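A quick write-up on the structure given underneath.
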Number of protein chains: 2
Amino acid sequence: MGSATERRGIPDATVTRLPEYLRALTSLADTGVTSVSSEELATVVGVNSAKLRKDLSYLGSYGVRGVGYDVTHLSDQISSALGLTRDQAVAIIGMGNLGRALAAYNGFASRGVEVVALLDHDPAVIGSRIAGLTVEPVADLPRITSEREVTIAMLATPAGSAQEVADLVVAAGITAILNFAPTSLELPADVQVRKVDLATEVQILAFHAQQSRLGGLPAEPVLTEAVQ
Amino acid sequence: MGSATERRGIPDATVTRLPEYLRALTSLADTGVTSVSSEELATVVGVNSAKLRKDLSYLGSYGVRGVGYDVTHLSDQISSALGLTRDQAVAIIGMGNLGRALAAYNGFASRGVEVVALLDHDPAVIGSRIAGLTVEPVADLPRITSEREVTIAMLATPAGSAQEVADLVVAAGITAILNFAPTSLELPADVQVRKVDLATEVQILAFHAQQSRLGGLPAEPVLTEAVQ
DNA sequence: AAGTGTGAAGTCTTTCACAGCT
DNA sequence: AGCTGTGAAAGACTTCACACTT
């Protein structure tokens, strides 16, 4: 995956967890909590507390020994490490069912994500209004990207056109893609791609479901314990 | 823990990749390819060929030295390893934007996933038809689960009610959950949970986007190479 | 000649366990 | 007394490189 050549290098595994810590901290702050120990926060997120402390140590020393972490300060530090000092401007491409659901998703605003453009190449959809935005033609992507400082594209096209659209996205100067199309993209190494494939997720669950069926009841005591 | 039980321990990392291999194989089969080498398949999926071979070796020896893998046979073996010999019956809970998009998603059928129930607890939504199914009350989950042999639940509720609904899901006898609500669930260890958090994905991308901005051009030769 | 299957080496990640600070 | 921060150990995963098979 993405290798960081930095002396400052935060491990990839840590980066993927930082957003979860941030979400948990925000939720704690909302309930009036101002200070939290690694043990408490780890329980909320469902990870080992040593792992949490090590993750945070990559950002610097923001805890107080004997006390814990200041919720607000730690949130700020994580936000800053993630580069969320400004909202991320996102363009959604492909206005099918999924694209429309993404456009209407209201979980983004509070977490530093702003949808600034909706695109499609079907003339029947272009010009219609979805979630307060007007759908624009994919051909306008270069202009839109520079005008609205788009940093991330969400690809919600059919698998068949995903590669083609991804190439346009990269040509428009966007270097981060969240790919919902069930296909692998071939792109330059400096373009970050993460994928969300729903059927893949279900198949992974199917495997584990099958395992517990086969493994059955024998041996293995089942403790109620936060996992993952 | 690691007792001598002869169950084939397929590593987690491998399991998460099997669905992708399967997807790539299906796509190759559709274009008439009948045999494929690890190098070719690895290129399509975007992984190292040694990793692919090692992954496949956990399933058994299905390749032919000097030749490669039979596309159909390998697909069958992976399907079988994943437990996809039957379709997975899925219930979607929470008929907001996301739930409706999931219900209407047409990428499931061809990949062994069948949506057999849509549930909500809002009386205003219950009874309406979405994507050919009638929305039913969450209270009916236990009956529906046993009647339709539901194995997996997709949670598309707001974060606030996710834990509560997850508890109902588990009580109904379902042991695998795909959680789209942006919150961590506390569940018994024998329940498999995978989560899909859209804002988290964007934040991870934001981090990497920031890195390339900071790191700039120096060092780091950029090879065009399939990543992810 | 080509390409699999796999020990062994290398890298990354998690967990332990405790010194050290408040 | 309590909890962080972190070396060191353990474990998981990836990649190399080549013996072996067709």
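Keep in mind it's a predicted model, so treat the numbers as computed, not measured. Throughout, protein chains are lettered first and strands after them, A, B, ... in sequence-line order, and every chain is numbered starting at 1.
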Contact between [X] and [Y] at the side-chain level, heavy atoms closer than 4.5 Å - yes or no?
{"X": "A/L187", "Y": "A/I177", "value": "yes"}
{"X": "A/F108", "Y": "A/E114", "value": "no"}
{"X": "A/I174", "Y": "A/T151", "value": "no"}
{"X": "B/T16", "Y": "B/R194", "value": "yes"}
{"X": "A/I152", "Y": "B/V202", "value": "yes"}
{"X": "B/P182", "Y": "B/K195", "value": "no"}
{"X": "B/Q203", "Y": "A/Q88", "value": "no"}
{"X": "A/S38", "Y": "A/L52", "value": "yes"}

Expressed in angstrom and rounded to an integer, what is the separation of [X] atom [atom1] from [N] atom [atom2]?
{"X": "A/D55", "N": "C/dT14", "atom1": "CG", "atom2": "P", "value": "7 Å"}
{"X": "B/I10", "N": "D/dT14", "atom1": "CD1", "atom2": "P", "value": "14 Å"}
{"X": "B/K51", "N": "C/dT4", "atom1": "NZ", "atom2": "P", "value": "17 Å"}
{"X": "B/L41", "N": "C/dG3", "atom1": "CG", "atom2": "C1'", "value": "14 Å"}
{"X": "B/E39", "N": "C/dA1", "atom1": "CD", "atom2": "P", "value": "19 Å"}
{"X": "A/D70", "N": "D/dC3", "atom1": "CG", "atom2": "P", "value": "16 Å"}
{"X": "A/L52", "N": "D/dC3", "atom1": "CG", "atom2": "P", "value": "14 Å"}

N/O (side chain, [X]) to phosphate O (OP1/OP2, [N]) under 4.0 Å:
{"X": "B/Y62", "N": "C/dG3", "answer": "no"}
{"X": "A/S38", "N": "D/dC3", "answer": "no"}
{"X": "A/N48", "N": "C/dC16", "answer": "yes"}

Check: B/D55/B/T14 side-chain N/O donor and acceptor closer than 3.5 Å: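 Looking only at side-chain atoms, B/T14 and B/D55 do form a donor-acceptor pair, the distance falling under 3.5 Å.
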
Donor-acceptor side-chain pairing of B/T200 and A/R111 below 3.5 angstrom: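 Yes, because at least one side-chain N or O of B/T200 sits under 3.5 Å from a partner of the opposite role on A/R111.
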
Any residue of residues 27-37 of chain B with a heavy atom less than 4.0 Å from an atom of DNA chain D: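 None, since no heavy atom is under 4.0 Å.
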
Residue mapping more 5' on DNA chain C - nearest nucleotide basis, B/L56 or A/T14: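 Its nearest nucleotide lies further toward 5', so the answer is B/L56.
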
Gap between atom CD of A/Q77 and atom CG of A/L18 - 0.5 Å precision: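 Those atoms lie 11.5 Å apart.
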
Can you tabulate the close N/O pairs, meaning under 3.5 Å, that link protein atoms to atoms of nucleotides 7-9 of chain D?
unit_1 : atom_1 : unit_2 : atom_2 : d
D/dG7  : N7     : A/K54  : NZ     : 3.4
D/dG7  : O6     : A/K54  : NZ     : 3.3
D/dA8  : N6     : A/K54  : NZ     : 3.2

Where protein sits on nucleotides 17-22 of chain C, one letter per nucleotide: B base, S sugar-phosphate only, - none, heavy atoms under 4.0 Å: B-BBBS

